[in-house]
Each structure stands twice: as C-alpha cells, then as structure tokens.
Q: 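For reference, the structure I am asking about is given below.
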Amino acid sequence: MTVSLPQLRAFVATVDAGSFTTAAVALGVGQSAVSHAVAGLEREVGGPVVRRGSATVPTPLGERLLAHARSVLASVDALEAVVRPATARGTVRLAAVPTVCQGLLPRLRELWSVTLPDVDVQVYEGDDDEMPEWLEVGTVDAAVLVDPVTVPDGGVVVARDEMAAVVRRDHPLADAEALTLDDLHDDGLVAGGGGCEHQIQRMHELAGQPFRYAHRVREMSTMFGMIERGEGVSIVPTLGRVMLPAGLVMLPVAPRYERTLVLSGPSSRPWHPLARALVDAV
C-alpha cells in the first residue's frame, strides 16, 4: 500500500469542508484534483473513505483512518516548519471552548497580529473534553485547555476566571451580592452549555451536594434562550459575559470557584513551531 501526503490532505480537507468543492478552495487546487486524490486513497486502502452526496461525510472506514491521517499531516507540517527559515510564517490551528473564543481569544489574536503578523491563527471551537483529544490526534496544533490536571510541558497560564450565575434581569435575586447553589436549584439549573459542565460538577462536589439539573444543553445560545424564557438559571464562566443577551445578568456565586486556562501544544508528540510561537508571544 502506497498512500501519499496529497491523498491524505485531500481526504482530511474534504471531511472538514463537507464537500470536494470547498476542500479544493481551501487547498488552492481544482476540484478534480481533490476528487482524484481521494479516489486514489480509496484504491490504496481498499474501500470508500467518504460518502458522496449533498454532504460529504466519512464512511466507517474513513472514520477509522481520519485520526491517523490528521496525526501524519500534523507531524509533516511540524517537520516542514522546522526546516523553514526562522521567521514565523504560516497557519496554526488553535482550539478553545466557546467562552474563551468569545471572551479571551479576541485579545490574544490582537496581540498575535502585532507580534506574529505573518501567522494565520485558525480557530476551532469545541468542548472541554475535545481539546486534549484534538491536540493529541493532530486536529489542531495548540489549544486553550481548561483546568488541565497537569500543565503540559511548555504550556502557559493565559487567564483565570470565575464561575458565575446567570439569571433574568427581573429575577427576584437579580440584585443579590451573590447566589448559592441552593438559590439556583430553586429555579432549575440549566447545565452543560459551552462545555462548562465539569466545573459545575466540581462546584457541587466541593459544596457536598449531588449534581442535579433541570435541563442539560450543549450550546450557550440554547441555554441563554431558556433563561430568557424563564425556564431556569445557569452557571457560566465570567469570560462569557460578552455573550450575554441584554435581558440577562451575571452574578457571583458563593462560594467562589475559579478555573484556569492554559495555552499549550500536545503532550504526546512534537509541537508545531508556530504553536510554540503563540505561547512565546503570550
């Protein structure tokens, strides 16, 4: 079996883009080149790796190959960056949770635009659990990890923020100095939005309370919409303040709970030099 790098790049780009046309634009080649590269990969591995249709998605075989393909390409990109001239130039993929994407990355990207003007930082938004996995399989080159058990070698703390309550402006406790978990459970807790569920669980553990919720959602927009409609209240990091609709307010939670945000590359493979450049600039 002889699999080429262009075949792997075409395969990964097609899966990420969801179509051959968009993948071709991202790679700067013609659509036929992408189609032929993917077809060549399929001949080498003995079966289809993507399903053609309105949305191009990986087959079961493609799913098994995808993580390996990403890892190979990440290693090759890192190798190429090492042998290029020392000037930081190119594209680096950075993952972060929604509150970090909204509340912290704009400031960091402004810094990087000045200190690393020739580096294009592509942002991938995901949940807490996805950050380490994306790093290790090569989906991204760097990530802002939330409360990592250990800070990876070379990682740096870029921010700390607190967990806070979110309620409607007309809530009876909207003027309180701080809210407790009991206060929030009286209205029904909406948990999970924006990938902050681990922190909310930990707050309950420290308070000696079982973790319970009235609703469990994935998207912060869904969470905020439910709170606006009076269907509950929630807990989010203070970095999420910039995302609050006008009808909601953020209040401290007692006792306080702080989370730590660490910018890092992977721990199980060499860092992409541009990931190192991001950390050094911070």
Q: For the pair Val236 and Met243, evaluate side chain to side chain contact (heavy atoms under 4.5 Å, CB included) and give the outcome as yes or no after the intermediate values.
A: CA-CA 11 Å; Val236 301; Met243 304 168 66; over 6 Å; no
Q: Looking at Arg107 and Gly103, would you say the former's side chain and the latter's main chain have a donor-acceptor pair under 3.5 Å?
A: yes
Q: Do the side chains of Val38 and Gln7 get nearer than 4.5 Å, heavy atoms only?
A: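 Gln7 vs Val38: side chains apart.
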Q: Charged N to carboxylate O below 4.0 Å: is that the case for Arg93 and Asp141?
A: yes
Q: Considering non-hydrogen atoms only, spot the tightest contact between Trp271 and Asp153 and give its length.
A: CZ2-O, 3.5 Å
Q: How long is the straight-line distance from CD of Glu219 back to CZ of Phe224, given to the nearest 0.5 Å?
A: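 These two atoms lie 11.5 Å from each other.
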Q: Short question: side chain of Trp112, backbone of Val119 - any donor-acceptor pair under 3.5 Å?
A: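 Answer holds: no.
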Q: First locate atom CG of Leu108, then atom CG of Leu263, and finally report the distance between them rounded to the nearest 0.5 Å.
A: 7.0 Å
Q: Looking at side-chain heavy atoms only, is the closest gap between Ile227 and Ser234 below 4.5 Å?
A: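 Yes, at least one pair of side-chain atoms sits under 4.5 Å.
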Q: Hey, does Val57 have a side-chain heavy atom less than 4.5 Å from the side chain of Val15?
A: no
Q: Identify whether the distance between the nearest side-chain nitrogen and carboxylate oxygen of Glu162 and Arg259 falls below 4.0 Å.
A: no
Q: Under 3.5 Å, is there a donor-acceptor pair between the Ser19 and Thr22 side chains?
A: yes
Q: Drop me the distance from Leu173's CG to Leu251's CG, to the nearest 0.5 angstrom.
A: 8.5 Å
Q: Rounded to the nearest 0.5 Å, what's the gap from CD on Gln201 to CZ on Phe211? Could you check?
A: 5.0 Å
Q: Main chain of Glu133, side chain of Glu136: is a donor-acceptor contact present, judged purely on distance under 3.5 Å?
A: no
Q: Could you give me the CA-CA distance, side-chain angles and deciding distance for Leu261 and Leu239, then say whether side chain to side chain contact (heavy atoms under 4.5 Å, CB included) is met?
A: CA-CA 11 Å; Leu261 306 174; Leu239 277 178; 3.5 Å; yes
Q: So do Leu189 and Ile200 actually touch side chain to side chain, heavy atoms under 4.5 Å?
A: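 In short, these two side chains touch, coming nearer than 4.5 Å.
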Q: Please determine whether residues Val25 and Phe20 belong to a single hydrophobic cluster, defined as Ile, Leu, Val, Met, Phe, Trp and Tyr linked transitively by side-chain heavy-atom distances below 4.5 Å.
A: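 Looking at the clustering, Phe20 is in a separate group from Val25.
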Q: Where the side chain of Asp187 meets the backbone of Leu184, is there a donor-acceptor pair that is under 3.5 Å apart?
A: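 No, Asp187 side chain to Leu184 backbone: no donor-acceptor pair under 3.5 Å.
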Q: By side-chain contact (heavy atoms from CB on, under 4.5 Å), which residues pair with Val253, not counting sequence neighbours?
A: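 For Val253, the residues satisfying side-chain contact (heavy atoms from CB on, under 4.5 Å) (neighbours in sequence not counted) are Ala165, Met203.
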Q: Check this for me, if you would: do Arg70 and Asp16 make a salt bridge, where the nitrogen-to-carboxylate-oxygen distance has to be below 4.0 angstrom?
A: yes
Q: With a 3.5 Å distance limit and no angle check, can you tell me whether Gln102 reaches the backbone of Thr99 through a side-chain donor-acceptor pair?
A: no
Q: Which heavy atom of Val140 sits nearest a heavy atom of Arg269, and at what distance?
A: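 Smallest heavy-atom distance, with atoms named: O-NH2, 3.1 Å.
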Q: Taking C-beta and beyond as the side chain, do Leu135 and Leu145 meet within less than 4.5 Å on heavy atoms?
A: yes
Q: Are any of the side-chain heavy atoms of Val72 and Leu5 separated by less than 4.5 Å?
A: yes
Q: Salt-bridge test for Asp147 and Arg202: reply yes if a basic N is under 4.0 Å from a carboxylate O, no otherwise.
A: no
Q: Are the side chains of Val158 and Val262 in touch, meaning some heavy atoms are under 4.5 Å apart?
A: no
Q: Can you check whether Ala67's main-chain N or O pairs, donor with acceptor, with Ser71's side chain at less than 3.5 Å?
A: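 Checked: no pair found.
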Q: Quick one, His198 with Asp129, criterion side chain to side chain contact (heavy atoms under 4.5 Å, CB included). Give me CA distance, side-chain angles, the key distance, then yes/no.
A: CA-CA 9 Å; His198 288 309; Asp129 292 339; 2.7 Å; yes
Q: Please report the shortest heavy-atom distance between Ala164 and Met250, naming the atom on each side.
A: CB-CG, 3.4 Å
Q: So which heavy atom on Val100 is nearest to which on Pro106, and how close?
A: O-CD, 4.4 Å
Q: Is any side-chain heavy atom of Leu181 less than 4.5 Å from a side-chain heavy atom of Ile235?
A: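 Yes. Closest side-chain heavy atoms under 4.5 Å.
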Q: Which atom names give the shortest non-hydrogen contact between Val123 and Cys101, and what distance separates them?
A: CG1-SG, 3.8 Å
Q: Measuring from Glu44:CD to Leu65:CG, what's the distance to the nearest 0.5 Å?
A: 12.0 Å
Q: Hey, is CG on Asp170 packed in by over 12 heavy atoms from elsewhere, all under 6.0 Å?
A: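 More than 12 heavy atoms, drawn from other residues, nucleotides or ligands, come within 6.0 Å of this atom.
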Q: Do you know which of His171, Arg169, Arg168 makes side chain to side chain contact (heavy atoms under 4.5 Å, CB included) with Val249?
A: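 The residue from His171, Arg169, Arg168 that satisfies side chain to side chain contact (heavy atoms under 4.5 Å, CB included) with Val249 turns out to be Arg169.
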Q: Could Arg52 and Glu42 be called an ion pair, given the rule that one side-chain N must be under 4.0 Å from one carboxylate O?
A: yes
Q: Please check if Met131 and Val137 belong to a single hydrophobic cluster, counting links between Ile, Leu, Val, Met, Phe, Trp and Tyr side chain heavy atoms closer than 4.5 Å.
A: no
Q: Show the numbers, then the answer: is there a side chain to side chain contact (heavy atoms under 4.5 Å, CB included) between Val190 and Val233?
A: CA-CA 6 Å; Val190 183; Val233 297; over 6 Å; no
Q: Taking all atoms of both residues into account, what is the closest heavy-atom pair of Thr59 and Arg51, and its distance?
A: CG2-CG, 3.7 Å
Q: Quick one: NE2 on His272 to OG1 on Thr91, what's the gap to the nearest 0.5 Å?
A: 8.5 Å
